[in-house]
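Single-structure report; data block below.
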Amino acid sequence: MAKRSTLFIRIVEGKNLPIKDITGSSDPYCIVKIDNEAIIRTATIWKTLSPFWGEEYTVHLPPYFRTVSFYVLDEDSLSRDDVIGKVSISKELLTAKPQGVDGWMNLTEIDPDEEVQGEIHLQISVLGERDLPRKLCCQVLEARDLAKKDRNGASDPFVRVRYNGKTYEGTVVKKSCYPRWNESFVFEMDETLNDNLLSVEVWDWDLVSRNDFLGKVLFNINMLQSSQQEEGWFRLGPDKSKHSQYEGTLGSLRLELRLRDEVVLPSSHYKPLTELLSQSLSPQNNILRQRASPYNAFLPILPERQQCYQLTNNAPPPKLPGNWPDLIMLIDETTTAESRQEVANNLVKLFLGQGLVKEFLDVLFKLELEKTRVSAVAGMQYLHRLLGPIINRIFEDKKYVELDPSKVELKEAGCAGLHRQQTECDVLQQSSNLLQSYMAELLSSILQSASYCPLLVCQVFQKLFLRVQEQFPGTEHRKVKFIAVTSFLCLRFISPAIMSPKLFHLREKHADARTSRTLLLLAKAVQSIGNMDTLACCSKEPWMVCLQPSIQQGISQLKDFISRLVSCHQTEDQDLDLQTRMRLQCGTMEKEGFLFLHRTKDKCMPMTSPFKKYYVTLSKDNLSYSRTQHSKKSSSISLPKIRAVEKVEEKCFGSANVMQIISSEDLCQQETLYLDCKSVNELNHWLSALRKACSHNTNMMSCFHPGVYKGDRWSCCHQKEKSAKECPFQNALKKQGVLLGCHDKSLHAQVVYLTTQPLSQTFPRRVSVDPEKVQVVSEWAIPEFSTTLRYPGCDKTRHGVTLQEWYDPLDPDLEAQLIYQHLSNIQPTMREKCLNLRQQRGLQEEDSGRDLKKADGLSELFSVLQELHEAHSVVEEEERSRNKNIFLEIQT
């Protein structure tokens with residue numbers, strides 16, 4: 001059982017932003033933070049106060065996240081970027097609106113007292129008996145992940161404890177966001193107070209300016225009377241918000257967000273639902289492909305479609321035996337237009353894992369669900385291989401290209417030679433030659449792509465081509481069958497990717513104005529080829545006439561490409577190999593690129609920059625790197641040996657985009673690999689890829705050091721303990737393994753217990769740890785000794801935050817859960833629809849057997865949904881029982 005939270009984010013546009021540059025404009029971009037951790041940076045839109053981004057992201061989050069914030073900044077090349085404003089949305093708001101949040105939201109001023117983060121470890125106890133004066137003892141142990149308020153990338157934190165009019169201050173810990181105080185503050189209790197509150201504040205000490213607020217926690221002491229003592233980690237909250245004088249003057253941001261919380265059960269729970277849907281698509285039950293018209297198969301069920309069929313064919317609709325596709329039609333009729341595309345996508349992924357995607361795609365076409373983005377599932381890697389070289393060439397050339405004489409700017413075109421300015425004719429001729437060169441390279445790439453076009457895309461285009469050919473067999477419609485394919489291939493697949501390469505992950509940043517114009521003209525040419533009509537293009541935009549010969553040649557080449565694509569009939573072996581090919585194309589965990597990295601073992605960090613440039617490759621089994629892309633691998637790390645993948649503090653290397661990979665060959669020796677990325681987006685993409693690749697590792701660390709070990713201590717928390725204690729049984733460990741790996745919640749560290757005794761006997765006799773606070777991870781062979789190892793760390797790991805990529809492997813359990821959730825929501829509507837249809841048609845004697853089969857099929861579906869509902873109820877009850885004991889009522 002896994003509880004998953006998925007947040008869909010679309011940053012659409014902004015408007016009425018304030019002027020931040022002397023040019024009278026701004027260069028805005030957005031930073032998205034989840035609980036103050038930056039995960040996304042949009043592209044910078046230059047010289048505008050109404051930017052349009054249109055960027056979409058899907059983020060997988062742990063269920064305990066609190067807020068998502070959007071910061072709008074103005075990029076400056078010479079100074080620090082200016083902060084414009086922010087929009088914060090709480091998880092409660094997203095949960096209260098399951099349909100999503102969509103609209104304009106005003107940017108608010110950033111208040112330093114509200115920009116708090118981190119947690120503090122406290123122990124609060126009441127001393128003394130009731131007959132004697134009692135005292136309140138607050139022990140401040142440590143804090144973690146505090147906000148960075150100083151220019152050195154850290155803070156100088158101290159605590160300020162207030163109770164009953166008295167205030168105590170603790171010592172200052174210099175240059176640390178992970179301080180350890182271990183200080184106690186004692187107050188005389190006053191039980192007569194109605195508002196009996198204890199305040200623990202954290203401040204950043206400054207020598208010259210005023211101290212900066214880092215957060216606070218408020219406790220209701222009256223709730224402590226029964227337990228007498230409480231201890232735990234508590235999240236720091238902001239101070240009271242102040243009224244902003246700039247409210248409503250910082251502009252607005254249009255956002256679309258939707259949060260989806262799902263509890264995914266083990267695979268065995270979804271097996272009946274998956275089998276029920278898969279059986280209905282089996283060849284012996286599916287007779288849909290025998291019908292040419294989309295109405296022939298579906299009209300016998302639905303009265304409104306019966307009437308349409310009778311009007312168009314002047315005949316009663318044919319009857320359909322069997323109990324399938326009534327179920328798919330029932331789902332189609334009861335699904336709203338807003339969620340139809342998402343449901344169809346989930347069904348495609350579900351049937352892809354069952355090898356029945358061809359049959360289901362046939363149903364999709366006939367149910368008029370062509371809007372389903374099947375090509376996005378199957379064709380992204382094909383698109384990258386097809387367009388990657390030409391897009392990179394255009395970005396690297398940065399040539400000035402313009403065909404419209406009214407838009408030619410000679411200053412942008414530059415000089416043709418020494419002291420010779422280019423004329424308008426020179427610019428138009430040069431632009432025409434460049435575009436024809438780009439078109440020739442693109443069309444050559446398209447023709448060569450027939451050999452590696454995904455099998456699923458070929459089958460989709462083949463079915464579409466043949467059906468249009470059957471519908472329009474006349475010679476006057478000979479181009480219609482090609483246009484049906486090119487309308488998808490060129491107009492909805494290739495042209496949008498050319499115009500916006502960043503949105504299709506072809507480039508990391510949006511194009512500048514000059515390159516964007518070149519891409520737009522190339523996309524127009526591709527659209528003209530896809531329309532199969534050169535005259536219409538030239539009549540609408542006469543300045544495109546210079547490209548007419550190239551467009552005409554492209555039309556001929558594209559027809560040959562489509563004919564080759566749809567004429568290859570798939571064999572039975574190819575059909576069986578569909579699932580394997582699809583898994584290779586969109587389900588591999590591969591990532592590669594140049595990064596700066598440094599590897600450290602037991603030696604300390606050198607003072608100078610230790611990073612060197614390597615070509616890093618992430619495969620399904622290991623992470624390797626080499627000097628160049630094609631040279632011999634310098635070294636590699638096996639993915640099962642990775643213990644943590646986390647970010648590194650900015651102050652360590654002077655960069656906010658450094659991550660660390662902690663691995664170990666055995667339990668006693670750890671190695672750390674530091675990777676320096678170019679941007680926050682590249683950093684989070686690598687973090688997500690590695691975390692997903694290591695998601696099944698059983699011995700991941702629960703805590704880590706976000707700093708580096710320099711000198712004789714960690715830079716983050718100033719601890720001197722570097723790693724796990726030396727193991728005297730290292731040789732025996734390599735031979736026999738470890739019996740038990742545990743996470744000790746009381747020590748807040750990764751602990752490995754080596755013992756020959758059962759768990760229930762070991763803890764009382766050999767280790768002074770409460771066995772109820774220990775979580776068992778795994779069990780191996782039993783060695784003949786007993787000892788303890790501790791892996792220290794001052795911050796908790798964040799394995800659950802990942803970005804969804806187009807190459808992520810399919811998750812059949814998640815897709816089945818999404819289908820179950822949708823069917824549960826429409827179950828009352830399905831029952832009502834089914835009952836109305838039966839009443840309208842009545843039970844005729846000749847159809848009684850068929851209707852009973854349908855009723856049995858629907859009854860089985862409702863029974864499966866009920867069983868899944870009961871399984872979820874059991875899980876929810878267990879979750880409530882685990883969260884029944886709440887330590888303290890926290891008021892912030």
Side-chain angles (χ1 to χ4, degrees), residues 382-383 385-391 393-394 397 399-408 424-451 453 457-458 461-462 464-466 468-469 472-499 517-568:
Y382 168 70
L383 189 68
R385 185 173 177 181
L386 178 68
L387 296 182
I390 184 64
I391 294 295
R393 177 189 168 187
I394 294 174
D397 288 348
K399 299 289 187 179
Y400 179 74
V401 178
E402 184 55 72
L403 297 180
D404 189 353
S406 63
K407 296 183 179 180
V408 173
E424 183 177 302
C425 293
D426 294 336
V427 174
L428 295 177
Q429 183 62 38
Q430 180 181 350
S431 301
S432 176
N433 294 336
L434 278 172
L435 278 177
Q436 291 182 27
S437 173
Y438 294 151
M439 290 174 59
E441 181 178 345
L442 177 59
L443 289 171
S444 175
S445 180
I446 291 176
L447 289 175
Q448 296 174 6
S449 68
S451 59
C453 184
V457 175
C458 295
F461 288 157
Q462 185 182 41
L464 182 62
F465 184 89
L466 295 177
V468 174
Q469 188 178 35
F472 302 96
T475 56
E476 66 276 11
H477 299 136
R478 58 182 178 274
K479 290 197 304 183
V480 177
K481 55 188 177 184
F482 293 100
I483 295 176
V485 177
T486 57
S487 62
F488 283 92
L489 181 65
C490 295
L491 305 185
R492 298 186 181 182
F493 195 53
I494 297 179
S495 290
I498 294 176
M499 294 178 64
R517 181 61 179 173
T518 305
L519 295 174
L520 177 62
L521 293 174
L522 180 60
K524 282 180 175 290
V526 173
Q527 290 176 354
S528 300
I529 296 174
N531 290 329
M532 300 281 175
D533 191 354
T534 57
L535 297 178
C537 168
C538 297
S539 61
K540 182 179 179 181
E541 296 170 331
W543 42 267
M544 292 279 290
V545 69
C546 59
L547 299 180
Q548 185 171 357
S550 298
I551 293 176
Q552 190 63 44
Q553 182 181 3
I555 291 175
S556 176
Q557 292 176 333
L558 197 60
K559 284 183 178 180
D560 295 339
F561 169 73
I562 294 174
S563 299
R564 291 172 53 191
L565 208 62
V566 302
S567 61
C568 53

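If you read the sequence from its start, that first residue is 1, and numbering goes on from there.
The main-chain N or O of Ala484 is found under 3.5 Å from a side-chain atom of Ser487 such that the two form a donor-acceptor pair. Within the 3.5 Å criterion, the main-chain N or O of Cys490 finds a donor-acceptor partner in the side chain of Ser495.
At a threshold of 4.5 Å between non-hydrogen side-chain atoms, the residues Leu442 and Leu387 count as touching. Looking only at side-chain heavy atoms (C-beta outward), Pro405 and Leu428 come within less than 4.5 Å of each other. Under the 4.5 Å side-chain criterion, counting only non-hydrogen atoms from C-beta, Gln429 is not in contact with Asp426. For the pair Val566/Cys458, no side-chain contact is recorded, criterion being any heavy-atom separation below 4.5 Å from C-beta on. Looking at Phe461 and Phe488, their side chains come closer than 4.5 Å, going by heavy atoms from C-beta outward.
Salt bridge annotation for Arg564-Asp560: absent, with no cationic side-chain nitrogen under 4.0 angstrom from a carboxylate oxygen.
The nearest pair of heavy atoms linking Ala525 to Leu547 is CB-CD1, 4.5 Å. Lys399 and Thr518 make their closest contact through O-OG1, 3.6 Å (heavy atoms, listed as atom of the first residue, atom of the second, distance). Looking at every heavy atom in both residues, Thr486 comes nearest to Gly530 through OG1-O, 2.7 Å. Summarising the geometry of Lys407 relative to Tyr400, their closest heavy-atom pair is O-OH, 3.5 Å, with the distance given to 0.1 Å. Here the closest non-hydrogen pair linking Glu402 and Leu521 is CA-CD1, 4.1 Å. Of all non-hydrogen atoms in Ser431 and Leu403, the two that sit nearest each other are CB-CD2, 3.9 Å.
The structure places CD1 of Ile446 at 11.0 Å from CD of Gln448, a figure rounded to the nearest 0.5 Å. Taken from CG in Leu522 to NZ in Lys524, the straight-line distance is 12.0 Å, to the nearest 0.5 Å. Ile555 contributes atom CD1, which lies 8.0 Å from atom OG of Ser528 (distance to the nearest 0.5 angstrom). Rounded to the nearest 0.5 angstrom, Gln548 CD and Gln552 CD are separated by 7.0 Å. Here the NE2-CD1 distance, from His477 to Ile483, works out to 10.5 Å after rounding to the nearest 0.5 Å. A distance of 12.5 Å separates CD1 in Ile551 from CE in Met532, rounded to the nearest 0.5 Å.
When only modelled atom types and interatomic distance are considered, Asp397 and Tyr438 share a side-chain donor-acceptor pair under 3.5 Å. Side chain to side chain, Ser432 and Gln436 meet the donor-acceptor criterion of an N or O pair below 3.5 Å. Defined by atom type and a distance below 3.5 Å, a donor-acceptor pair is missing between the side-chain atoms of Asn531 and Gln527.
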Give the intermediate values and the outcome of side chain to side chain contact (heavy atoms under 4.5 Å, CB included) for residues Leu464 and Lys481.
CA-CA 8 Å; Leu464 182 62; Lys481 55 188 177 184; over 6 Å; no

Run the side chain to side chain contact (heavy atoms under 4.5 Å, CB included) test on Met439 and Gln553 for me, step by step, so that the C-alpha distance in whole Å, both residues' side-chain angles and the decisive distance to 0.1 Å come before the verdict.
CA-CA 10 Å; Met439 290 174 59; Gln553 182 181 3; over 6 Å; no

Starting from the C-alpha separation in whole Å, work towards a yes-or-no answer on side chain to side chain contact (heavy atoms under 4.5 Å, CB included) for Ile494 and Ile498.
CA-CA 6 Å; Ile494 297 179; Ile498 294 176; 3.7 Å; yes

Starting from the C-alpha separation in whole Å, work towards a yes-or-no answer on side chain to side chain contact (heavy atoms under 4.5 Å, CB included) for Cys453 and Leu565.
CA-CA 8 Å; Cys453 184; Leu565 208 62; 4.0 Å; yes

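Using cut-offs of 30° and 60° for the angle between ring planes, the Phe465 and Phe482 rings count as perpendicular.
Not a single salt bridge (Lys or Arg N to Asp or Glu O under 4.0 Å) links Arg478 to another residue, sequence neighbours left out.
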